[in-house]
Amino acid sequence: KNVILALDTLAYDSEKNLYDYVVKDPAKVVVLSSMYSDVASEIRKINKYYKHNIKVFEQGTVLREYISSRYTENSYIAVWGRKETLEGEFYHDMATSLGLRTYSAMDFETDWKSAKEETDTLLFRYLDTLASRRPHSKVSCVVIDDHTLAQRASALNAKIATLTQSEDPAILKYANLLAKDFRFINPMDVISGELYKYMRQENLFTHRVDTPLFTSFVTLNNGGEYALANFTYGQ
């Protein structure tokens, strides 16, 4: 439904104005933000019907390829996310299919308070939890599958870099829990990087490449008919 609307060239003026239309460009690329989306076959039908060849980035597929290209078989991966994420099967299935290993003691559940905590506090709370559980191998990467925390990945990696260079025994005990190539991974950084490379490769950028303009739309159900409307944050 949303892909078909994204390919359309009309949208409502706003969520509150369902009488006036605005003209919009059809989407060049579709990004499926859910890790669990699996609609590739439906997209192929849409491309054939509308005679488009729109590129679709499925976050789960992109993350799988990224991890596969950077970590060898038997590497341990961990997940930092909400309870429902840790209880889901996506990461277990991904690890199994790639020959990687998961160990539930390495996973870490976030809660609503986590977003307000300092980066150092979050990092050492995770490492303390990891140390207390005594994992039987070093962690190669931690996927932060929580959008409220994922943006901290760069700051967390910077802190890890200084931590591994410390000569303080109290700090070194944490470094010994992590593999040499350890990194925190923000899935949206991964998909953004792949999206940027694809758009440059296919010459899909037009103007303002460094600071691209964007317009947000929201899907509306107007009496059983679905349509897009301009969306303004905070209104």
Please tabulate, for side-chain N and O atoms in residues 78-91, each donor-acceptor pair with protein atoms closer than 3.5 Å (sequence neighbours left out).
| residue | atom | partner | partner atom | Å |
| --- | --- | --- | --- | --- |
| Arg82 | NE | Thr110 | OG1 | 3.2 |
| Arg82 | NE | Asp146 | OD2 | 2.8 |
| Tyr91 | OH | Asp145 | OD2 | 2.8 |

If hydrophobic clusters are built by linking Ile, Leu, Val, Met, Phe, Trp and Tyr wherever their side-chain heavy atoms come under 4.5 Å apart, do [X] and [Y] end up in the same one?
| X | Y | result |
| --- | --- | --- |
| Val142 | Met188 | no |
| Ile191 | Ile144 | no |
| Val30 | Leu5 | no |
| Met94 | Phe184 | no |
| Tyr71 | Leu177 | no |

Separation between [atom1] of [X] and [atom2] of [Y], rounded to the nearest 0.5 Å:
| X | Y | atom1 | atom2 | value |
| --- | --- | --- | --- | --- |
| Leu123 | Leu163 | CG | CG | 6.5 Å |
| Ile67 | Ser69 | CD1 | OG | 9.0 Å |
| Asn74 | Ser137 | CG | OG | 9.0 Å |
| Leu228 | Lys1 | CG | NZ | 10.0 Å |
| Gln151 | Asn186 | CD | CG | 8.5 Å |

Answer yes or no: is there a side-chain heavy-atom contact under 4.5 Å between Val143 and Leu63? yes
Report the residues that fulfil side-chain contact (heavy atoms from CB on, under 4.5 Å) with [X], sequence neighbours left out, ordered by chain and then residue number.
| X | value |
| --- | --- |
| Tyr198 | Val29, Lys55, Phe57, Glu202, Leu204 |
| Ala179 | Lys138, Ser140, Asp181 |
| Glu117 | Thr121, Leu122, Arg125 |
| Ser166 | Asp168, Ile171 |

Can Ser14 and Asn230 be counted as having a side-chain donor-acceptor contact under 3.5 angstrom? no
Across all chains, not counting sequence neighbours, the ring pair (Phe, Tyr, Trp, His ring centres under 6.0 Å) partners of Tyr76 are His136
Under the side-chain hydrogen bond (donor to acceptor under 3.5 Å, both in side chains) rule, collect the residues that match up with [X], sequence neighbours excluded.
| X | value |
| --- | --- |
| Thr129 | none |
| Tyr12 | Asn222 |
| Asp128 | Tyr174 |
| Thr72 | Ser75 |

Are the side chain of Asn17 and the backbone N or O of Asp13 linked by a donor-acceptor pair below 3.5 Å?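 No: the side chain of Asn17 does not pair with the backbone of Asp13.
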When Ile77 is tested against each of Asp107, Ile185, Leu100, Val139 for side chain to side chain contact (heavy atoms under 4.5 Å, CB included), which residue passes?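 Going through Asp107, Ile185, Leu100, Val139 one by one, the side chain to side chain contact (heavy atoms under 4.5 Å, CB included) with Ile77 is satisfied by Leu100 alone.
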Are the aromatic ring centres of Phe108 and Tyr126 under 6.0 angstrom apart? yes
Let me see the working for Leu195 and Val31 under side-chain contact (heavy atoms from CB on, under 4.5 Å), right down to the final yes or no. CA-CA 9 Å; Leu195 176 60; Val31 178; 4.1 Å; yes
Smallest separation among heavy atoms of Phe217 and Ala11, with atom names: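 Heavy atoms of Phe217 and Ala11 come nearest at CE2-CB, 3.8 Å.
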Minimal non-hydrogen separation, Pro187 against Gln59, with atom names: CB-NE2, 3.8 Å
Scan residues 93-106 for pairs that pass side-chain hydrogen bond (donor to acceptor under 3.5 Å, both in side chains), counting only residues two or more places apart or in two chains.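 Sorted result for residues 93-106: Arg64-Ser97.
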Does [atom1] belonging to [X] count more than 12 external heavy atoms closer than 6.0 Å?
| X | atom1 | answer |
| --- | --- | --- |
| Asn176 | CG | yes |
| Lys159 | NZ | no |
| Arg133 | CZ | yes |

Salt bridge (Lys or Arg N to Asp or Glu O under 4.0 Å) with Lys116: which residues, sequence neighbours excluded? none
Under the side-chain contact (heavy atoms from CB on, under 4.5 Å) rule, what do Lys24 and Leu10 come out as? Steps first, then yes or no, please. CA-CA 6 Å; Lys24 73 174 186 64; Leu10 291 177; over 6 Å; no
